[in-house]
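Structure first, then comments.
Hydrogens, waters and symmetry mates play no part in the numbers below; they use all other heavy atoms, side chains included.
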Amino acid sequence: KPQFAGNGKIQELSVKLSSQYAQFSEGGGTVNEIIQETKHWLDKYPDVLKHYQAALQKREHNIYSRNLLDDLRLSLEVLMKEIFNNEKSLENQTKDLGQFLENNGISVPIRNLYSTVIGKYKDYQNNNVKHNDSSQAIEVDFLIELTTVLMRFLVQLDLQKESNKPNEKVEDWDWLK
């Protein structure tokens, strides 16, 4: 509510309530469903989930825009560290990412697309978050959705690898198991 926008205690309480009772939060539609599924898949990666949920809660309450974007970036970075089993920063994952995608049978055009998007993601974060804090709300929403898609893809490949069925079509999977 606008009348509570400047009240930190109200905002903090709102974040706590929505995190404990997420099923009653406002929302709906495909993007929210994808976000909920992604959160479910991230149960395997608790550190990633922690940062991702923190970002989503901050967005839901229109608070901490810069920190929200830091949380998003960190969730993606930590996911790559866990999947690739290394301690590299997001900027230094290019080779490992390419190898991971290739090892999972991802076509060259999609590998190139994914790598290009990650590169632009890093550029945006460095230029508009780390050193500038000039993000607009619509850009924040876009980055939440983009980060979700980027992470989903990596998680799907990681789960596919674990299932020992690398050529199985993803749409044949029951992802909510």
Side-chain angles (χ1 to χ4, degrees), residues 8 11-27 29-97 100-101 114-162 175-176:
Q11 290 175 340
E12 185 178 324
L13 177 61
S14 181
V15 168
K16 285 181 183 177
L17 287 171
S18 69
S19 66
Q20 289 179 345
Y21 303 101
Q23 68 272 26
F24 301 112
S25 293
E26 292 181 16
T30 306
V31 172
N32 284 332
E33 290 169 8
I34 290 170
I35 288 171
Q36 292 304 315
E37 285 178 5
T38 302
K39 285 168 44 176
H40 173 73
W41 297 347
L42 290 176
D43 282 342
K44 179 183 171 199
Y45 314 93
D47 289 339
V48 177
L49 181 60
K50 175 182 72 174
H51 296 294
Y52 184 63
Q53 285 182 310
L56 295 174
Q57 290 169 1
K58 288 170 185 163
R59 178 61 187 120
E60 184 175 337
H61 301 285
N62 298 312
I63 52 177
Y64 315 122
S65 183
R66 183 185 187 283
N67 295 36
L68 179 164
L69 294 172
D70 285 338
D71 286 336
L72 279 178
R73 175 192 169 91
L74 193 53
S75 65
L76 180 58
E77 182 175 294
V78 171
L79 179 64
M80 286 186 180
K81 287 178 179 182
E82 290 193 27
I83 290 175
F84 305 156
N85 196 28
N86 66 38
E87 289 300 316
K88 297 178 182 177
S89 68
L90 189 60
E91 287 80 12
N92 295 310
Q93 292 286 16
T94 305
K95 184 177 180 181
D96 295 281
L97 173 62
F100 177 76
L101 296 176
Y114 194 95
S115 296
T116 299
V117 171
I118 288 288
K120 297 300 180 186
Y121 182 91
K122 292 183 291 190
D123 290 347
Y124 181 87
Q125 288 278 349
N126 286 330
N127 296 326
N128 296 78
V129 180
K130 249 185 184 175
H131 304 299
N132 198 1
D133 195 15
S134 63
S135 302
Q136 300 175 47
I138 195 164
E139 294 172 342
V140 171
D141 289 342
F142 173 74
L143 288 169
I144 289 170
E145 294 166 15
L146 179 61
T147 304
T148 301
V149 169
L150 292 169
M151 290 196 309
R152 281 172 61 92
F153 188 64
L154 293 177
V155 169
Q156 288 172 335
L157 290 174
D158 195 41
L159 293 174
Q160 182 175 289
K161 176 184 71 181
E162 284 184 9
W175 291 104
L176 299 177

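Taking both residues in full, the closest heavy atoms of L150 and Y114 are given as O-OH, 2.7 Å, listed atom of the first, atom of the second, then distance. The two residues L154 and L97 have their closest heavy-atom pair at CD2-CD1, 3.9 Å. Contact between L72 and T147 at its shortest, heavy atoms only, is O-CG2, 3.8 Å. Closest heavy-atom contact between K88 and Q93: O-NE2, 3.3 Å. Taking each heavy atom of M151 and S75 in turn, the nearest pair found is SD-OG, 3.7 Å.
With sequence neighbours left out, the side chain to side chain contact (heavy atoms under 4.5 Å, CB included) criterion links V149 to no other residue. Scored by the side chain to side chain contact (heavy atoms under 4.5 Å, CB included) test, N85 finds no partners at all (sequence neighbours excluded). Take D71 and apply the side chain to side chain contact (heavy atoms under 4.5 Å, CB included) test, not counting sequence neighbours, and it matches H51, A54, A55, K58. Partners of T94 by side chain to side chain contact (heavy atoms under 4.5 Å, CB included), not counting sequence neighbours, listed by chain and number: K122. Shown here are the side chain to side chain donor-acceptor pair (under 3.5 Å) partners of E139, two or more places apart in sequence or in another chain: Y124.
One distance of note links OH of Y121 with CG of L146; it measures 7.0 Å at 0.5 Å rounding. Rounding to the nearest 0.5 angstrom, the gap separating the NZ atom in K120 from the CG atom in N127 is 10.0 Å. L56 contributes atom CG, which lies 10.5 Å from atom NE2 of H61 (distance to the nearest 0.5 angstrom). Taken to the nearest 0.5 Å, the CG atom of L76 stands 10.0 Å off from the OG1 atom of T148.
With contacts defined as side-chain heavy-atom distances shorter than 4.5 Å, the pair L101/F153 qualifies. Side-chain contact between V155 and T38 is absent, with no heavy atoms from C-beta onward closer than 4.5 Å.
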Decide yes or no on side chain to side chain contact (heavy atoms under 4.5 Å, CB included) for D96 and M80, but give the supporting numbers first.
CA-CA 9 Å; D96 295 281; M80 286 186 180; over 6 Å; no
Go through the steps for E91 and N126 under the test side chain to side chain contact (heavy atoms under 4.5 Å, CB included), then give the verdict.
CA-CA 10 Å; E91 287 80 12; N126 286 330; 3.6 Å; yes
Using the rule given for side chain to side chain contact (heavy atoms under 4.5 Å, CB included), can you reason through K81 versus D47, listing the C-alpha separation, both sets of side-chain angles and the distance that settles it, and then say yes or no?
CA-CA 11 Å; K81 287 178 179 182; D47 289 339; over 6 Å; no
If you apply the rule side chain to side chain contact (heavy atoms under 4.5 Å, CB included), what do you find for V78 with Y52, and how did you get there?
CA-CA 10 Å; V78 171; Y52 184 63; over 6 Å; no
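Under a 3.5 Å cut-off, the side chain of E77 and the backbone N or O of S89 do not form any donor-acceptor pair.
Identified under the salt bridge (Lys or Arg N to Asp or Glu O under 4.0 Å) test for residues 142-160, with sequence neighbours left out: E37-R152, K44-D158, D158-K161.
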